[in-house]
Amino acid sequence: MTDRYAVIGNPIAHSQSPRLHAEFARQCHQDISYEAIHAPRDGFADAVAAFRTAGGKGMNVTVPFKLEALDLADTLSERARMAGAVNTLKFDEHGTYGDNTDGVGLVADIRDRLGVDIDGRRVLLLGAGGAARGVILPLLDAGAAALVIANRTPERAVELIAPFGVRAGLHAGGFGMLAKHDFDIVINATSASLSDQSLPLPPDVFADGSLAYDMVYGKGTTRFLADARAHGAAMLSDGLGMLVAQAAESFRLWRGVRPDTVPVMALLQAG
Ligand code: NAP
């Protein structure tokens, strides 16, 4: 019997998730269907309940419902709890399980697709919104020697690391604290690229051989990536691989098999 999955959000028409999961299912010979559900802003819980009652096995959750999904889940993975957000729901006889695969998707993309080791490296994370929050634990788990979080509003960055307690190498503040420091991996988790704005980064923040990674995708070479290249970053990447890898991790949670992301990436890049 075909198992039903869906992505739920508002808006949702732009979502690549149905295409990604259809490709994963074909590749892994899984009999699933995957649809996009547009829920009213005040109708998330009802829409999830209706999908589950109709036999749904799991859902991806996107803007603006990731926090509501956290509250709705009966049990949570540690990474969802630490991220304070859920992007994947799994329904079974035990109830509703909430997970967050964004961070592990980012780590997989940097390590496996780009071939950049995180273990022992100095990582700079820019931004303190939902995207930044979701990747802190996975980056620490991947062995980052230092993880510095810088945000336009410094207090938000400081709040983000509070749940982790005092931890060697973990620091947060404003962009001003970056002077005279350089990093092996610089990740842009701000939305500045969406409005083509530069971040006030010191030019020498990119260490020799460093990777500049913009979580934004579908915008070509963003202002952040162009600035990074001008300031000496050796490798540039947008966030398309993170999108594909987080979807692959959701698929693994539901189906017990992790799809190969390489051919699916190639398909998306081809348009
Ligand atoms: P969010 O919660 O709205 O946070 C936005 C962040 O960007 C805040 O830290 C904000 O700083 C900062 N910011 C916005 N404009 C800025 C500017 N002009 N200069 C400096 N900082 C600025 O957004 P989010 O959910 O974290 O998403 C952030 C980005 O990640 C989005 O572009 C999203 O598309 C992308 N993303 C990609 C993936 C993927 O799979 N590739 C997954 C998740 C998110 P303040 O705190 O000072 O306002």
Side-chain angles (χ1 to χ4, degrees), residues 7 9-12 14-17 19-21 60-70 79-80 83-88 99-110 113-114 124-139 148-162 172-178 186-202 205 211-228 236-251 261 264-265 268-269:
V7 59
N10 182 343
I12 201 62
H14 65 286
S15 175
Q16 294 278 3
S17 293
R19 187 174 176 207
L20 285 171
H21 285 278
N60 282 127
V61 180
T62 188
V63 177
F65 299 128
K66 289 185 182 185
L67 297 182
E68 268 189 81
L70 185 86
R79 60 194 187 195
V86 158
N87 79 335
T88 309
D99 196 0
N100 190 315
T101 62
D102 282 333
V104 73
L106 172 74
V107 166
D109 195 44
I110 291 176
R113 183 178 67 88
L114 299 171
L124 171 60
L125 180 62
L126 304 166
R133 183 172 168 150
V135 302
I136 296 173
L137 182 65
L139 286 169
V148 174
I149 297 147
N151 192 46
R152 178 175 62 183
T153 312
E155 308 80 59
R156 292 191 71 201
V158 172
E159 270 169 35
L160 228 55
I161 65 166
F175 291 111
M177 72 173 171
L178 300 175
V186 181
I187 300 164
N188 182 17
T190 76
S191 47
S193 294
L194 297 177
S195 49
D196 198 30
Q197 286 180 311
S198 277
L199 296 171
L201 298 177
V205 84
L211 165 68
Y213 192 104
D214 200 333
M215 284 196 191
V216 168
Y217 55 87
K219 301 274 174 204
T221 303
T222 61
R223 181 66 69 96
F224 167 74
L225 293 177
D227 290 348
L236 309 178
S237 178
D238 75 0
L240 186 65
M242 174 179 173
L243 177 80
V244 176
Q246 61 79 24
E249 294 295 337
S250 296
F251 193 91
T261 51
V264 181
M265 240 342 245
L268 287 192
Q269 279 165 334

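As the structure lists them, so they are numbered: ligands from 1, and atoms in each ligand from 1. For the single chain, residues carry numbers from 1 onward in sequence order. Scope of the values below: all heavy atoms of this structure, side chains included, with no hydrogens, waters or symmetry mates.
- Close contacts between ligand 1 and A128 involve ligand atoms 9 (O) [criterion: under 4.0 Å to a heavy atom].
- Distances between N or O atoms of Y217 and those of ligand 1 include no value under 3.5 Å.
- Taking a distance limit of 4.0 Å, we find that atom 39 (C) of ligand 1 is approached by some protein heavy atom.
- Counting only heavy atoms from C-beta outward, the side chains of L268 and Q16 approach each other to under 4.5 Å.
- Checking only distances, V216 never comes within under 3.5 Å of ligand 1, N or O to N or O.
- In terms of protein heavy-atom proximity, atom 28 (C) of ligand 1 is nearest to A189 O, 3.3 Å.
- Rounded to the nearest 0.5 angstrom, D102 CG and M215 CE are separated by 8.0 Å.
- Of the protein's heavy atoms, Q197 OE1, 2.7 Å lies nearest to atom 18 (N) of ligand 1.
- The parts of T190 lying near ligand 1 are both backbone and side chain, judged by heavy-atom distances below 4.0 Å.
- On a distance-only criterion, S191 and ligand 1 share at least one N/O pair closer than 3.5 Å.
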Take N60 and S17 through the test side-chain hydrogen bond (donor to acceptor under 3.5 Å, both in side chains) and record every step on the way to the result. CA-CA 8 Å; N60 282 127; S17 293; 4.7 Å; no
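- In terms of protein heavy-atom proximity, atom 44 (C) of ligand 1 is nearest to A131 CB, 3.6 Å.
- For L160 against G127, the heavy-atom pair with the smallest separation is CD2-O, 4.3 Å.
- The shortest N/O to N/O separation between L199 and ligand 1 does not fall below 3.5 Å.
- A side-chain N or O of D227 and one of S198 form a donor-acceptor pair less than 3.5 Å apart.
- The heavy atom nearest to atom 47 (O) of ligand 1, out of those in T153, T101, D196, is found in T153.
- Counting atoms of ligand 1 from 1 in the listed order, those under 4.0 Å from a heavy atom of L194 are 32 (O).
- Closest approach of F175 and L199 over heavy atoms only: CZ-CD2, 4.2 Å.
- For atom 23 (O) of ligand 1, no protein heavy-atom neighbour is present inside the 4.0 Å cut-off.
- Between S195 and ligand 1, no pair of N/O atoms sits closer than 3.5 Å.
- Between R152 and ligand 1, a contact under 3.5 Å exists for at least one N or O pair.
- Annotation for A247 and H21: closest pair O-CE1, 3.4 Å, computed over non-hydrogen atoms.
- Distance check for atom 11 (O) of ligand 1: a protein heavy atom is found below 4.0 Å.
- Protein heavy atom closest to atom 46 (O) of ligand 1, with residue, atom name and distance, is R156 NH1, 2.6 Å.
- N100 and A83 get closest at one heavy-atom pair: ND2-CB, 3.7 Å.
- Where the criterion is an N or O separation shorter than 3.5 Å, residue side chain and backbone included, G239 meets it with respect to ligand 1.
- When all heavy atoms of L243 and Y217 are compared, the closest pair comes out as CD1-OH, 3.6 Å.
- What sits closest to atom 37 (C) of ligand 1 on the protein, heavy atoms only, is M215 O, 3.3 Å.
- The two residues G174 and A150 make their nearest non-hydrogen contact at O-CB, 4.0 Å.
- With respect to T101, the side-chain contact (heavy atoms from CB on, under 4.5 Å) criterion is satisfied by exactly one of N87, V86, L106: N87.
- The atoms of ligand 1 that sit less than 4.0 Å from any heavy atom of L243 are 40 (O).
- Among the atoms of M242, none of the N or O lies under 3.5 angstrom from an N or O of ligand 1.
- For the atom pair L20 CG and Q246 CD, the distance stands at 8.0 Å (nearest 0.5 Å).
- Proximity of L126 to ligand 1, defined as any heavy-atom pair under 4.0 Å, is not found for any part of the residue.
- Residue Y213 forms a side-chain contact (heavy atoms from CB on, under 4.5 Å) with just one option from V186, D109, L225, and that option is D109.
- Residues F224 and L126 have side chains in contact (heavy-atom distance under 4.5 Å, counting atoms from C-beta outward).
- In terms of polar-atom proximity, G127 is not counted as a contact of ligand 1, lacking any N or O under 3.5 Å from an N or O of the ligand.
- For ligand 1, none of its N or O atoms has an N or O atom of K66 under 3.5 Å away.
- For atom 4 (O) of ligand 1, the nearest non-hydrogen atom of the protein is G129 CA, 3.5 Å.
- Note that the CD1 atom of I149 and the CZ atom of R133 stand 11.5 Å from one another [nearest 0.5 Å].
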